[in-house]
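What follows is one structure encoded as structure tokens, with my remarks underneath.
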Amino acid sequence: MAKTVNQAKGFMEGFTSGQRTVVIVVAIALLMGAFALSRWVSQPSWTLLYGDLTGADANAVVEALEADGVKYKLADGGNSILIPKDQVAAQRVALMGQGVPSGEGADGWSLLDKQG
């Protein structure tokens with residue numbers, strides 16, 4: 001380790017002060033870029049869990065998600081709920097088992113009721 005530090009010092013001594021500054025700034029920029037990239041990659045892919053919810057149904061879904069410790073985002077003025085893509089199917093089954101949401105169209109069969 002000491003040998004590597006000495007080599008780095010010897011390498012840097014061959015530069016002018018302006019060149020050293022550029023090397024340091026570039027190294028810091030690379031570290032910040034790597035950090036930003038890792039944060040961006042680690043963000044989940046958000047997918048619609050339920051949309052077009054009433055206020056009461058949206059509240060019930062949010063409370064159930066919070067109780068289960070599931071991350072969520074509200075969209076469309078609070079009428080749509082987004083969760084990580086890999087949890088959509090499991091959460092829909094769990095919420096339907098709890099009777100949430102309970103409003104019109106919650107069971108999915110209402111689409112067929114509107115057919116001619």
Side-chain angles (χ1 to χ4, degrees):
M1 183 74 171
K3 182 179 177 182
T4 304
V5 171
N6 287 334
Q7 285 178 339
K9 284 182 183 178
F11 178 73
M12 291 298 282
E13 287 174 358
F15 290 145
T16 65
S17 64
Q19 290 172 327
R20 281 188 223 140
T21 302
V22 168
V23 168
I24 290 170
V25 168
V26 167
I28 290 171
L30 286 173
L31 289 173
M32 289 175 60
F35 176 74
L37 181 65
S38 68
R39 295 266 307 171
W40 178 69
V41 168
S42 67
Q43 291 295 319
S45 175
W46 298 97
T47 304
L48 183 68
L49 176 66
Y50 290 114
D52 242 2
L53 294 171
T54 64
D57 282 341
N59 184 46
V61 171
V62 165
E63 286 179 356
L65 291 175
E66 286 177 349
D68 290 344
V70 176
K71 294 180 185 178
Y72 66 90
K73 286 185 178 182
L74 297 176
D76 192 26
N79 294 332
S80 298
I81 299 175
L82 307 171
I83 66 171
K85 186 176 183 177
D86 60 339
Q87 297 179 358
V88 171
Q91 285 303 312
R92 282 189 181 157
V93 169
L95 291 171
M96 291 302 280
Q98 297 173 16
V100 176
S102 62
E104 178 183 337
D107 59 1
W109 293 107
S110 64
L111 291 174
L112 298 175
D113 294 337
K114 296 177 184 174
Q115 298 299 316

Minimum heavy-atom separation for [X] to [Y], with atom names?
X: V61; Y: Y50; result: CG2-CD1, 4.1 Å
X: D57; Y: L53; result: CB-CD2, 4.1 Å
X: D68; Y: Q98; result: OD2-NE2, 4.3 Å
X: L95; Y: A64; result: CD2-CB, 3.3 Å
X: M12; Y: R20; result: O-NE, 3.0 Å
X: I83; Y: L65; result: CG2-CD1, 3.9 Å

Inset, instruction - Using atom types as modelled and distance alone, determine if a side-chain donor or acceptor of Q87 lies under 3.5 Å from a backbone N or O of P84. - result: no

Any chance you could measure [X], atom [atom1], to [Y], atom [atom2], to the nearest 0.5 Å?
X: L49; Y: K73; atom1: CG; atom2: NZ; answer: 14.5 Å
X: D76; Y: I81; atom1: CG; atom2: CD1; answer: 11.0 Å
X: D52; Y: S80; atom1: CG; atom2: OG; answer: 6.5 Å

Checking one residue: [X]. Which other hydrophobic residues are in its cluster under the side-chain 4.5 Å linking rule?
X: V22; value: V26, L30
X: V25; value: none
X: L48; value: W46, L82

